[in-house]
Protein chains: 2
Amino acid sequence: MASIKDVAAEAGVSVATVSRVLNGHPSVSAAARARVLGAVEALGYRPNAVARSLRTDQTRTLGLVISDVLNPYFTELARSVEEEARALGYSVIIGNADERPDLQDHHVTTLLDRRIDGLLVSPTDGGSPRMLEAARAGTPMVFVDRWIPGVDVPVVRSDGRAAVRDLVAHLHGLGHRRLAIIAGPAATTTGRERVDAFREALGAHGLPLPDAYIGQGDFQADSGRRVTEGFLDLPEPPEVVFAADNLMALGALDAVRARGLRVPRDIALAAFDDIRWFVHTDPPVTAIAQPTGELGRAAVRALVDRIEGRGGASVTLPARLVVRRSCGEPPASSPQSPFPSPSPVRRSTT
Amino acid sequence: MASIKDVAAEAGVSVATVSRVLNGHPSVSAAARARVLGAVEALGYRPNAVARSLRTDQTRTLGLVISDVLNPYFTELARSVEEEARALGYSVIIGNADERPDLQDHHVTTLLDRRIDGLLVSPTDGGSPRMLEAARAGTPMVFVDRWIPGVDVPVVRSDGRAAVRDLVAHLHGLGHRRLAIIAGPAATTTGRERVDAFREALGAHGLPLPDAYIGQGDFQADSGRRVTEGFLDLPEPPEVVFAADNLMALGALDAVRARGLRVPRDIALAAFDDIRWFVHTDPPVTAIAQPTGELGRAAVRALVDRIEGRGGASVTLPARLVVRRSCGEPPASSPQSPFPSPSPVRRSTT
DNA sequence: CTGAAAGCGCTTACAG
DNA sequence: CTGAAAGCGCTTACAG
């Protein structure tokens, strides 16, 4: 592969001059510029990004460590991250943690070894020593979706509390009183918060959240299936299951179907995170939708601000409830939302 | 960040010795090794991968350019690729082309500039000059899922011909005679092949595939919706729509639902590529399943074989039909597959 | 077993 | 406007 030396030789100038025209430095004569450009063209020369990075100490690359690529929520997040990064002149390298702290740590280490300019992470746990150390050492970093309390890093996420309140009001209005949740790992903020928000919302209606109705999942489908089976085996099974993410909702559907039961007749289902397939499932699933694309873009902007020394602040965006049919038929009489709500609620038209 | 010089100073040895212990070179005294390791630990030293790559001319990194991250098929492929690569000591950088040749070219260029050791690509088109040039210049490369005819690069893919034959036999057995297809882009091999296989299978049953029953899609959901609307507007709409990938099937479901029609009562639906949600859609969707994980792993093995000078050959794996209910109820009388088939056919139990 | 030195492909003060 | 030179952080013959 042609190097800058080859170009210099071909153009009859020094490598310094070649470098200057390549980097748009103003002080190069038109003649020299033309000869260099000609040589670049003739040789099909492309600068070696590795050498450039070593010299300039910047890679123009962002690292993104997501919890699970197989989760459509994160996949959409990753897409918007890459898009915004590209618009700002950065590449992104994605590491998939598969919800495993050890894999997360592997990717954080690899990314740091490659000297990425900044790190975007949705932590699966409280953070490995390596990650915490990087944050402390000042590596530009921002948390997205999930975060680690006590670490001084901006957080870009959505707040689902109001939407969870709307969901519980919706369920209560439908006559449901025994509500259960498939929780995410307690080691994650979203794992804890969604349970807290759910419990708080139940409390507002005078409803309890007994321990038996809190199933411990790990944000992946199998755990949703397993927890749902447990719920169904209870002497008094819940009337509604709220899955804290879309994959656990998938697992719940698997479990319900495997028993020959029907949603919502035998048990109602709702999920955190909305995905396109929820419109076409049997029945369509009521879900809480996050502004995923906006989250990804905001996270990149915050990170690039950090990298380029412009601060970079936390951002919190609201989530919203999308009512479909998996919790029972809403009263047909009411064209309006059947419960008072301070936050935007959309009744799906599909 | 500590460099190798700092470690050498801390350990009281030369950088050459530090490098040797870091790389497991045998000729280092036990004492020197211990001091170096101690210094590494004390300083929290991590080798700079950028510098190492520049010096050794290898990055231990694979590039993967996929057609669309939002497509679960590619997402699963990417996951298995990363997994196998990691097992072999490589990282992978994913580029998402979003089915756009210009974006694909952007990622190929970026990846090549970063001097990845090898490139895995599922081309969205006939290949940009840059990609073709890289292949000709001997950059280790393998095509996965889709490929470019005439380019001397191994191809790892699955052959859906037999499964498409099984599908058509299934549809024919159910009494369907007017079968339509939502095709992928003609610029892609899978786009062309699935239509060819479908036409050929129809021919074997004496059925035509009129032009009006070939809708041009682009493997993304919106095109599936649009094409399906066109089919439904036909004076004589088809009885079955076969979507050449899962996203176009999603779009087809959108279109059918928007008209207040039902699958399979009003129109039957089948898809290429099986995804977990197809079990829970209304109705469950009959699909052709690829051995996606195995494809990803085989592709990585082939690529690493190329990189490490061990050849690296093409691999073709069979796809298989998974019958569900979206094409009509199969005759309940037959516990066996209702059609003769040389390839493995699984009747889904879900 | 060990170190001094060259060199990977760039960029960038510095001097002219 | 231009070039010679230093240097980014490593690895690896070469000599001892």
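Note that the structure is predicted; figures quoted are calculated from it, not measured. Each chain gets a letter, A, B and so on, in the order the sequences are listed, and its residues count up from 1.
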*Asks:* Assign A/S29 to base, sugar-phosphate, or nothing according to its heavy-atom contacts below 4.0 angstrom with the strands shown.
*Replies:*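 It contacts sugar-phosphate atoms only.
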*Asks:* Which comes earlier along DNA chain C counting from the 5' end, the contact point of B/R55 or that of B/A32, where each point is its nearest nucleotide?
*Replies:*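 The residue mapped nearer the 5' terminus is B/A32.
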*Asks:* Under 4.0 Å from any heavy atom of chain A: name the first and the last nucleotide of DNA chain D that qualifies, 5' to 3'.
*Replies:*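 Listed 5' to 3', the contact boundaries are D/dC1 to D/dG9.
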*Asks:* Inspect the contact between A/R79 and B/D98 and indicate whether a charged nitrogen and a carboxylate oxygen are less than 4.0 angstrom apart.
*Replies:*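 Yes, charged N to carboxylate O under 4.0 Å.
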*Asks:* Could you check whether B/S3 gets within reach of a base, just the sugar-phosphate, or nothing at all, counting any heavy atom under 4.0 Å?
*Replies:*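 It contacts sugar-phosphate atoms only.
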*Asks:* Tell me what A/T56 touches on the nucleic acid: a base, only sugar-phosphate, or nothing, going by heavy atoms under 4.0 Å.
*Replies:*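 It contacts sugar-phosphate atoms only.
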*Asks:* Using heavy atoms to find the nearest nucleotide of DNA chain C for B/V28 and A/T17 separately, return the residue whose nucleotide is more 5′.
*Replies:*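 Going by which nucleotide is closer to the 5' end, it is B/V28.
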*Asks:* Does the structure show a Watson-Crick or G-U wobble partner for C/dA13, both distances under 3.5 Å? Name it, or say none.
*Replies:*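 Base-paired to nothing in any strand shown.
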*Asks:* Taking the nucleotide of DNA chain D with the closest heavy atom to each, which residue, A/G12 or B/N48, is nearer the 5' end?
*Replies:*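 Counting from the 5' end, the first nearest nucleotide belongs to A/G12.
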*Asks:* Would you find more than 12 non-hydrogen atoms of other residues, nucleotides or ligands less than 6.0 Å from A/D57 atom CG?
*Replies:*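 Count not over threshold, so no.
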*Asks:* Taking atom CG of B/N23 as the centre, report whether more than 12 heavy atoms of other residues, nucleotides or ligands fall under 6.0 Å from it.
*Replies:*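 Counting neighbours around CG of B/N23, more than 12 heavy atoms of other residues, nucleotides or ligands fall under 6.0 Å, so yes.
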*Asks:* With sequence neighbours excluded, what pairs up with B/P149 under the side chain to side chain contact (heavy atoms under 4.5 Å, CB included) test?
*Replies:*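 For B/P149, the residues satisfying side chain to side chain contact (heavy atoms under 4.5 Å, CB included) (neighbours in sequence not counted) are B/W147, B/T189, B/R192.
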*Asks:* Within a strict 4.5 Å, meaning less than it, do heavy atoms of the A/L64 and A/L62 side chains meet?
*Replies:*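 They are not in side-chain contact.
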*Asks:* Identify, with sequence neighbours excluded, every residue that meets side chain to side chain donor-acceptor pair (under 3.5 Å) alongside A/R310.
*Replies:*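 Per chain and number, A/R310 pairs via side chain to side chain donor-acceptor pair (under 3.5 Å) with A/D305, A/E308.
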*Asks:* In the strands shown, is C/dA4 matched to any nucleotide by a Watson-Crick or G-U wobble pair with both distances under 3.5 Å, and which?
*Replies:*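 C/dA4 is paired with nothing.
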